[in-house]
There are 2 protein chains.
Amino acid sequence: MKGKIFIIEDETSIIQLVQHNLEKEGFVVSSSTNGNDGLKELKKFEPNLLLLDWMLPDLSGIDVCKSIRRDKNYKNLPIIMLTAKGEEEDKVKGLESGVDDYITKPFGFNELMARIKALLRRSDPKTVSDDLIFEDLKLDRTERRVFRDNNEIHLGPTEFRLLEFFLLNPKRVFSRDQILESVWPNNINVESRTIDVHIRRLRQSINLSGKKELVRTVRSAGYSLS
Amino acid sequence: MKGKIFIIEDETSIIQLVQHNLEKEGFVVSSSTNGNDGLKELKKFEPNLLLLDWMLPDLSGIDVCKSIRRDKNYKNLPIIMLTAKGEEEDKVKGLESGVDDYITKPFGFNELMARIKALLRRSDPKTVSDDLIFEDLKLDRTERRVFRDNNEIHLGPTEFRLLEFFLLNPKRVFSRDQILESVWPNNINVESRTIDVHIRRLRQSINLSGKKELVRTVRSAGYSLS
DNA sequence: TTTTAATGTTACAGAATTGTTACAAACTAA
DNA sequence: TTAGTTTGTAACAATTCTGTAACATTAAAA
């Protein structure tokens, strides 16, 4: 899953939660906490989808929405409005101003994800893909397959999760602790050296002969994909 | 069941519900939320059938319908009009403008499906086929028969539903929980290992000697058709 | 250079997952 | 009813995966 998502929402706790989870899914995320800044930054960011709060400090979500629709470059930008309970009666106003979908706070992340996918699939099917790609390496999450240079590669469950993790944040260096927390199931205790062994296994699997090394060791810091 | 269906309807919640279910049935679906856009996109999409809301933000459903009938390429496009309660008295107008059938909101999906099938069968019988096909495997839902390479295969009820489920989402990997939820009747409790046994039975039935394995095991994730 | 710390590599036992079989209970059709 | 199917589960077999220890190699520090 790729694509860019912009958030205009004044509660920073919600932004953080949503942003973190969306990034884990592979989206690029940016945000503003008020309407006027949001309108400006949104045009720089060029998102594939907008999450828009109903109540903002300066403008209302509806004002923002109308303003966006006036710009012909954003006539078709999918917009999901975030509403609190009790604001639901005004849905009609929202639909008239050009909102594509609603979600009522508090919402679960899975519900939000489903609506985002549905909208993106409609507006721009290419962005809805669970494929993670880095150079000639491809990981297909729905089919659970991995390819290097179009040759399928078999990975064990842990190697698969490990590679998935690196692909979600390519080039970034992660410490062994970070890798443990993100790749291993919660509340499990394994030696830090165990990671080294899995890295070795992953390297061995994805390194077709003649192809360059993709997993980089950063001495005394950790590993990264590069 | 195959074929393309276009929806013109301003309530996105209805679109999503209908679209999702139609896609599960094998249709390709596209939609617009207003009449003018709908008329344009419809001609690009070339649907086999149109679901048309009675009340739209810009044009009325009747206007849209008349406009479509004026185009000689769409003289015979089957159109089902979606009406809310209370709009029923005007059915005559609709019939005169060229609508083929009506359904009153709120409607159940089964009712809608039945009317769609009936209309398609009338206008273009080829599109009404309940066959699910994957490579040399064919499942005929109306006759409840399964063929591998044109040889009929006998499956028990559970194996049949299991295969049907995989055929609706070929290649995608499903966890045992997802399979349980989708294939077994609601509120039933069976061991997760039971699935493994049914997978084994299904494999045994559809694997003609010399033919390649179609059910893939993805360790620690589930199974898929591939 | 020597020393020290970090990482690479290998092998292996036990853990976890899946495949296979058999069987009793539930269900169906005649 | 009875004979034949189908279903869920348990038990065991086969396979794959995982974590660790032990030793080898490499890079940095002294």
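Proteins come first, then strands; the chains are lettered A, B, ... in the order of their sequence lines, and each starts at number 1.
Within the 4.0 Å cut-off from OP1 or OP2 of dT16(D), not a single side-chain nitrogen or oxygen of Arg219(B) is found. Within the 4.0 Å cut-off from OP1 or OP2 of dC17(D), at least one side-chain nitrogen or oxygen of His154(A) is found. Checking the phosphate oxygens (OP1, OP2) of dT18(C), no side-chain nitrogen or oxygen of Thr217(B) falls inside 4.0 Å. For Thr194(A) and dT20(D), the shortest distance from a side-chain N or O to OP1 or OP2 is below 4.0 Å. Distances shown here put every side-chain N or O of Trp184(B) at or beyond 4.0 Å from the OP1 or OP2 atom of dT7(D). Remark: Arg193(B) is not in phosphate contact with dT20(C), judged by side-chain N or O atoms under 4.0 Å from OP1 or OP2.
Contact of Arg201(A) with dG19(D) (side chain to base): a donor-acceptor pair of N or O atoms is detected under 3.5 Å.
Tyr223(B) comes within 4.0 angstrom of sugar-phosphate atoms only, judged by non-hydrogen atoms across all strands, and of no base. Contact annotation for Glu159(A): backbone-only contact, meaning every heavy-atom pair under 4.0 Å involves sugar-phosphate atoms and none involves a base.
Both Ile195(A) and Leu155(A) lie near DNA chain D, and the one whose nearest nucleotide falls closer to the 5' end is Leu155(A). With the nearest nucleotide of DNA chain C identified for both Val197(B) and Val218(B), Val218(B) has the one nearer the 5' end.
Look at Asp140(A) and Arg145(A) and you find no salt bridge, because none of the NZ, NE, NH1 or NH2 atoms lies under 4.0 Å from a carboxylate O. Using a cutoff of 4.0 Å between basic side-chain nitrogens and carboxylate oxygens, Arg141(B) and Asp131(B) are not scored as salt-bridged.
Aromatic ring centres of Tyr223(A) and Phe166(A) lie farther apart than the 6.0 Å criterion allows.
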